[in-house]
Amino acid sequence: VAGPALLLKIDLRSFEVEDVDTSSHLSPGSRRTTSSPHRNAMSPTSIYYRDLGTATAAATNNNNLNYTQPRSIMGGGGSKTPEPVSRRSELSIDISSSSSKQVDNVTSPASARFAANSAVKRPEVLGHSKTPEISHKREVTFAKMPTDSPVIRRIEGNNNNNGTSRTPEQNHARKFEAPRSEVSLSHSNMSESTKPHHPNPQGKGEKTHGSDFSYVGIDAILEQMRRKAMKQGFELNIMVVGQSGLGKSTLMNTLFKSKVSRKSVQPNPEERIPKTIEIKSISHDIEEKGVRMKLTVIDTPGFGDQINNENCWQPIMKFINDQYEAYLQEEININRKKRIPDSRVHCCIYFIPPTGHCLRPLDVEFMRRLSKVVNIVPVIAKADTLTLEERDYFKQTIREELRANGIDVYPQKEFDEDADDRMINDKIREMIPFAVVGSDQEYQVNGKKILGRKTKWGTIEVENIAHCEFAYLRDLLIRTHMQNIKDITGSIHYETYRVRRLNESNGHFSSHASDNPADQPKANGQPEGQPSALQANGVAAQHEALSHEM
Amino acid sequence: MSQADKMKQGQFSNPETPGYVGFANLPNQVHRKSVKKGFEFTLMVVGESGLGKSTLINSLFLTDLYPERIIPGAAEKIERTVQIEASTVEIEERGVKLRLTVVDTPGYGDAINSQDCFSTIISYIDDQFERYLHDESGLNRRHIVDNRVHCCFYFISPLGHGLKPLDVQFMKAIHNKVNVVPVIAKADTLTLRERERLKRRVLDEIDEHGIKIYHLPDAESDEDEDFKEQTRILKASIPFAVVGSNQQIEAKGKKVRGRLYPWGVVEVENPEHNDFLKLRIMLITHMQDLQEVTQDLHYENFRSERLKRGGRLSSHGYGPEPEEMDKDIILQEKEAELRRMQEMIAKMQAQMQKQGDGEGDGPHVGKV
């Protein structure tokens, strides 16, 4: 059962299915119960491979190679040089009998992704791999990763995130520049972890031209994947929630530098507050450097605008669950499509009004309920109202309130896979909620065109990090964590829904999804392997098909 | 000019001229007396949390009305209902004393369900009227404390596209009880164009819903041109878009009150940046008018409603009588009460007379 958005995932699963009998299949539900399953959630194959690695050397060459390569790549990472080396030596992938001790524990998906990403994105890098001979025996010792090549790769990979290959003109003044470079690589295509071809051979090819005989050419798969991804394109569904007038539509336009918001599409922009909450979904196909993306912006006009705002989050919850339901129904079809259209809400941006004091009860209620079903990214809207001190104070208060109420916003602490992730995400967590200003008007400042707001006392530049944190938000959402967001949606939130739903239909013969996923936190207490044993005697034969498959 | 005219002129200007009576001095006497007595003014501020109400009040009167202020967190806000907090401060400027009471309404608009967040506020306003009415109808009217709300600043959020449903409902509920002055808060969120658009939008919606806000009286024809011009400008700027601050920032070499941003400094007292000065001028020059309108219009409205409805002004209940009584019955009751009171007064006087005859003491307080 694979998501359509990532073709890689499909292939991944196919590998998994082959060998799933041999290794322990960790159900999604259980993923959340312990820490290691978490990692499985992110890169299921990694665990699988690790088992393979430790268990038997008889695993397929392909698998193991995939397994090892990424790790070695990561090993060479700048700040991680000392560590990865040791990690690499932990796990021995027996590609050849002589175990290459340097192979890193693949459960650092960051590394895997890192490699994958860089490999996918850089044909030139891959070009290297083509030159060395393929006649390469199993003696591949992805041993010592020369520290230079990974660094090079990393920087290169930095440019390409998620297929959105932008030129590396990133503002290096940004806070998490260094970790971001690693992050970018690591997070872009999580599921590519095992598949992606490690540039290692390239590295080797670069450095040690003499040992080309050991090059197989597996990294060429990255190029294949890349081509396929380009052809297929990506999907992203973002929901924006907040009171009227907080600049949601403008921010969407600013984020994607095109008129993607509801207001731009409406023929007659009448700014009336609707009497009830409406959910408006607008899709656009945008393209950049050959990479196509189907972006859906889901707007929720009317939220929080009435006098009585009780239960105003219910229509939104229902919508999100409906998307999960639609996906589930497609999934359990007997004849299902090759690529299930993914309309699940990947990310929900919640706009907090810049009062400067603290969260309102409505904010707390909404985020508390919805952080359990969708990734919530809170932002402080129209942040040009606040001076820097007020902004810091406000953020601090918000973070404390979120903590006090047990609200887990994206990036969630429990889904950090390893120390690298944690480090990067901790930096992000120190900064949320981002104080943003949106604008789709251009002005000339110091000779260059910038997006901003012009007032009598100065011009606010949207992309200037000294003015507001829009750039950080954009990087998080698009450049570094987009894939991670989609993965968490697919493998955590969706799976929660799915398990609950299947249990319901199993136990209660009911065919309606309940409206309160908020009561069901992720720990479903499902023992592993349970989903496969679900006898769907309640609903339809579809469920049986599902259980067979799983 | 004829002799008669000259005489007439001379009569009023020159104390030496014969025929000068001297009642031209009356305004001076009133002035002196009021200065001695001092002025009272009650201002109510209503608006959602975080709109800068307290900062604006502090900026307006250059005081710190809320020295030990604790802003509650969201969790506490959930349980809270709207409260009324009145703080009084005595300000003196050039010998003129002003007893300013600011009535704050924390909790307004905070709850998820704001359905009855303004019933507390309305009952407060009514209570003040009721108390005044009671005092006015009492026997001892020497020191009536006027706690009636003379003016209500209603803070409109600059973030929306106009008035919110809550704004409309609230203003409609109080526009017959108090002078409503709409104020656009935190105006540095808006560019000039956005500000104009919002002002127009707000005025349109106020018209559309039939909300009666306080209108500045036109300048008298005998005022000087400057004042007329000022009044014109003020009228054109409603609703005022203000920024409040008490922080001194160094800008262009001089110290100004303002807000410091990375992209510039917003000056509170710069008319190009916001309407703070206009608001202050309006409040100061029209303080008297606000009090008058409160007395002549709102209070009278309340009084007639109340008397029509309620009959007895009992001392133990400030609330209005629940039943609707017939006018005749009410009149009769009132007359009966008056007669009773007159009788009591007569009795008291008789007693005092007797005592006065007997002991020569001062008047005792009777059995009233």
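Lettering of chains follows the sequences in order, A, B, ..., and the numbering in each one begins at 1.
Looking at Thr459(A), only its backbone comes within 4.5 Å of chain B, counting heavy atoms on both sides. For Leu159(B), the parts lying near chain A are the backbone and the side chain together; criterion is any non-hydrogen pair under 4.5 Å. The contact between Gln243(A) and chain B is made entirely by side chain atoms (from C-beta outward), counting heavy-atom distances below 4.5 Å. Residue contact with chain B, scored on non-hydrogen atoms closer than 4.5 Å, is absent for Glu461(A).
Under 4.0 Å is where a charged nitrogen must lie from a carboxylate oxygen, and between Glu48(B) and Arg360(A) no such pair does.
In this structure, Gln247(B) places its CD atom where only 12 or fewer heavy-atom neighbours from other residues, nucleotides or ligands lie under 6.0 Å away. Within a 6.0 Å radius of NZ in Lys456(A), other residues, nucleotides and ligands contribute 12 heavy atoms or fewer. Within a 6.0 Å sphere centred on NZ of Lys448(A), heavy atoms belonging to other residues, nucleotides or ligands number 12 at most.
Ranked by heavy-atom pairs under 4.5 Å with chain A, the list Asp188(B), Leu51(B), Val243(B) is led by Asp188(B). Ranked by non-hydrogen atom pairs under 4.5 Å with chain B, the options Val437(A), Asp363(A), Thr355(A) are led by Thr355(A). Listed options Arg259(B), Lys186(B), Gln169(B), Lys164(B) were ranked by heavy-atom pairs under 4.5 angstrom with chain A; first place goes to Arg259(B). The residue among Leu362(A), Ile460(A), Leu388(A) with the most heavy atom pairs within less than 4.5 Å of chain B is Ile460(A).
Note that CG of Asn113(B) and CG of Asn309(A) are 8.0 Å apart. Values are rounded to the nearest 0.5 Å. To the nearest 0.5 angstrom, Ser157(B) atom OG is 7.5 Å from Leu246(A) atom CG.
Of all heavy-atom pairs spanning His161(B) and Ser244(A), the tightest one is CD2-OG, 3.6 Å. The two residues Trp457(A) and Val265(B) have their closest heavy-atom pair at CB-O, 3.2 Å. For the residue pair Ile112(B) and Glu365(A), the shortest heavy atom distance occurs at CD1-CG, 3.4 Å. The nearest pair of heavy atoms linking Leu260(B) to Thr387(A) is O-CG2, 3.3 Å.
Under a 3.5 Å cut-off, the side chain of Tyr261(B) and the backbone N or O of Gly458(A) do not form any donor-acceptor pair.
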